[in-house]
Enquirer: 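Take a look at the following structure, please.
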2 protein chains.
Amino acid sequence: MVRKKAKLAYIENDSSRRVTYQKRVKNLVKKTRELSVLCGVDACAIIYGQDEQVPVVWPSSEEEAKRIISYYNSKSDLDPSQRGFNQYTFLNDSVIKAKGKGC
Amino acid sequence: MVRKKAKLAYIENDSSRRVTYQKRVKNLVKKTRELSVLCGVDACAIIYGQDEQVPVVWPSSEEEAKRIISYYNSKSDLDPSQRGFNQYTFLNDSVIKAKGKGC
DNA sequence: CATACTATCTATAATCG
DNA sequence: TCGATTATAGATAGTAT
């Protein structure tokens, strides 16, 4: 979209498509967060990546996951089994919620 | 975010916030569509505007609604009562689906 | 109010390591 | 394949209309 005109069509090349996907997902989530903060609205973004089992979900997987991780990191003296209940479990739960009852 | 440094905080001024909201929602939807097309993934964006009864939902309210409208426009010889089953009804249906079972 | 304008800032495709 | 770089197209806050 920069040194060559954008065509807005499916990117056939696998590696190019993956790189573009990662860059754009990152910024799409960022934009969603900005809109939410700036305008005080509830916004939700869900992206089902091709090869990923867990879709990217905002706000859950981004903001809330970070919060969870920070929480557990700050409690490094916590019972290891409790700390094991972590990002993976949380993310799966988020996805189920997102699929089951919207955002 | 341009002539003044961005602060990424809630915009207090009502009119400014509304204008910013409209601009950003438009582009957020555009970005979502681009990601979906470029990378061949399913992406979904839902924004619950403050004063609007119907949230902005993509792909439903954007792509599919246009499809529906185009469909009815192309059938201008259709029974008027059938054409009356139009954008409004469809959008409500989309929102219900989005809220009820995800994207 | 809503649009249009425009000076800047941001996103990003291509490239290199 | 991923991260860093860079040049350019795109997004946007403030302002004008």
Side-chain angles (χ1 to χ4, degrees), chain A residues 1-63 65-66 69 87-88 91 103, chain B residues 1-63 65-66 69 87-88 91 103:
Chain A
M1 192 179 278
V2 179
R3 303 196 180 177
K4 212 175 193 177
K5 288 294 192 71
K7 46 276 170 145
L8 191 52
Y10 182 71
I11 300 170
E12 298 291 346
N13 183 284
D14 280 5
S15 56
S16 296
R17 190 176 60 254
R18 241 171 313 188
V19 170
T20 295
Y21 172 77
Q22 292 174 333
K23 289 180 184 175
R24 280 174 174 265
V25 163
K26 180 184 155 212
N27 282 294
L28 185 60
V29 168
K30 183 181 174 183
K31 288 291 182 186
T32 306
R33 181 174 49 235
E34 288 182 357
L35 175 63
S36 177
V37 173
L38 289 171
C39 303
V41 300
D42 290 325
C44 166
I46 302 179
I47 305 94
Y48 298 87
Q50 287 182 134
D51 309 317
E52 300 159 41
Q53 31 262 262
V54 180
V56 175
V57 180
W58 192 89
S60 298
S61 68
E62 183 73 8
E63 295 294 286
K66 283 181 181 173
I69 293 167
Q87 187 179 11
Y88 181 75
L91 287 176
C103 313
Chain B
M1 193 179 278
V2 179
R3 303 194 181 177
K4 213 173 191 178
K5 288 295 192 68
K7 47 272 167 147
L8 192 52
Y10 181 70
I11 300 170
E12 298 291 345
N13 184 283
D14 281 5
S15 57
S16 296
R17 190 176 61 253
R18 241 173 317 189
V19 171
T20 294
Y21 172 77
Q22 291 173 333
K23 289 179 182 175
R24 279 174 175 267
V25 163
K26 180 184 155 211
N27 281 295
L28 184 60
V29 168
K30 182 182 175 183
K31 289 290 182 187
T32 305
R33 181 174 48 237
E34 287 182 358
L35 176 62
S36 178
V37 172
L38 288 171
C39 303
V41 301
D42 290 326
C44 168
I46 301 180
I47 305 96
Y48 297 88
Q50 288 182 135
D51 310 316
E52 300 159 41
Q53 32 261 261
V54 180
V56 174
V57 180
W58 191 89
S60 298
S61 68
E62 182 75 7
E63 296 293 285
K66 283 181 181 172
I69 293 167
Q87 187 177 12
Y88 181 75
L91 286 178
C103 312

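The figures that follow rest on heavy atoms only: side chains count, while hydrogens, waters and symmetry mates do not.
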Enquirer: Look at the side chain of B:N27 and decide which nucleotide, out of D:dT12, C:dA11, D:dA13, has an atom nearest to it.
Expert: D:dT12
Enquirer: Starting from P on D:dG14, measure out to CG on B:N13 and report it in whole angstrom.
Expert: 10 Å
Enquirer: Would one find a side-chain N or O of A:K30 under 4.0 angstrom from OP1 or OP2 of C:dA11?
Expert: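 Yes, A:K30 has a side-chain N/O under 4.0 Å of OP1/OP2 on C:dA11.
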Enquirer: What's the shortest heavy-atom distance between A:R17 and A:E12, and which atoms?
Expert: NH1-O, 3.2 Å
Enquirer: Taking side chain to side chain contact (heavy atoms under 4.5 Å, CB included) as the definition, give me every residue that meets it alongside A:K23, ordered by chain and number, with sequence neighbours left out.
Expert: A:V19
Enquirer: Which whole-number value in Å describes the distance from B:L8 CG to D:dA13 P?
Expert: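 Interatomic distance, CG of B:L8 to P of D:dA13: 11 Å.
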Enquirer: Looking at C:dA11, I'd like to know if its phosphate oxygens (OP1 or OP2) sit under 4.0 Å from a side-chain N or O belonging to A:K26.
Expert: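 False: A:K26 side-chain N/O out of range (4.0 Å or more) of C:dA11 OP1/OP2.
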Enquirer: When rounded to the nearest 0.5 angstrom, what distance separates NZ in A:K30 from NZ in A:K26?
Expert: 7.0 Å
Enquirer: Whole angstrom is fine here: how far is it from CG in A:L38 over to P in D:dG14?
Expert: 10 Å
Enquirer: Enumerate all atom pairs, one protein N or O and one N or O from nucleotides 1-4 of chain D, separated by less than 3.5 Å.
Expert:
residue: D:dT1; atom: OP1; partner: A:R18; partner atom: NH2; Å: 3.2

Enquirer: To check you understand the geometry: which heavy-atom pair defines the closest contact between B:Y21 and B:G49, and what is its length?
Expert: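 Closest heavy-atom pair between B:Y21 and B:G49: OH-CA, 3.2 Å.
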Enquirer: From B:N27 CG over to B:R33 CZ, what is the distance, rounded to the nearest 0.5 angstrom?
Expert: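 Result: 10.0 Å between the selected atoms.
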Enquirer: Measure from CZ on B:R17 to C1' on D:dA13 and round the result to the nearest Å.
Expert: 16 Å
Enquirer: Rounded to the nearest angstrom, tell me the gap between atom CG in B:L28 and atom P in D:dA11.
Expert: 11 Å
Enquirer: Axis-to-axis angle across the helix from C:dA2-D:dT17 to C:dG17-D:dC2, five pairs an end, to 10 degrees?
Expert: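 Rounded value for the end-axis angle: 30°.
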Enquirer: Is B:S36 reaching over with its side chain to a backbone N or O of B:T32, donor-acceptor style, under 3.5 angstrom?
Expert: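 Such a contact is absent between B:S36 side chain and B:T32 backbone.
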Enquirer: What is the distance, rounded to the nearest whole Å, between atom NZ of B:K31 and atom P of D:dA9?
Expert: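 That distance rounds to 14 Å.
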Enquirer: Taking OP1 and OP2 of C:dA11, is either one under 4.0 Å from a side-chain nitrogen or oxygen of A:R24?
Expert: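 The answer is no; no side-chain N or O of A:R24 sits under 4.0 Å from OP1 or OP2.
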Enquirer: Given side chains that start at C-beta, do those of A:K31 and A:L35 come closer than 4.5 Å, heavy atoms only?
Expert: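 No; the side chains remain at least 4.5 Å from each other.
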Enquirer: Grab the OH-P distance between B:Y21 and C:dC1 for me, whole Å please.
Expert: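 To the nearest whole Å, that distance equals 18 Å.
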Enquirer: To check you understand the geometry: which heavy-atom pair defines the closest contact between A:I46 and A:C44, and what is its length?
Expert: CG1-SG, 3.9 Å
Enquirer: Which heavy atom of A:V37 sits nearest to which heavy atom of B:A9, and what is that distance?
Expert: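 In terms of heavy atoms, the two residues are closest at CG1-CA, 3.9 Å.
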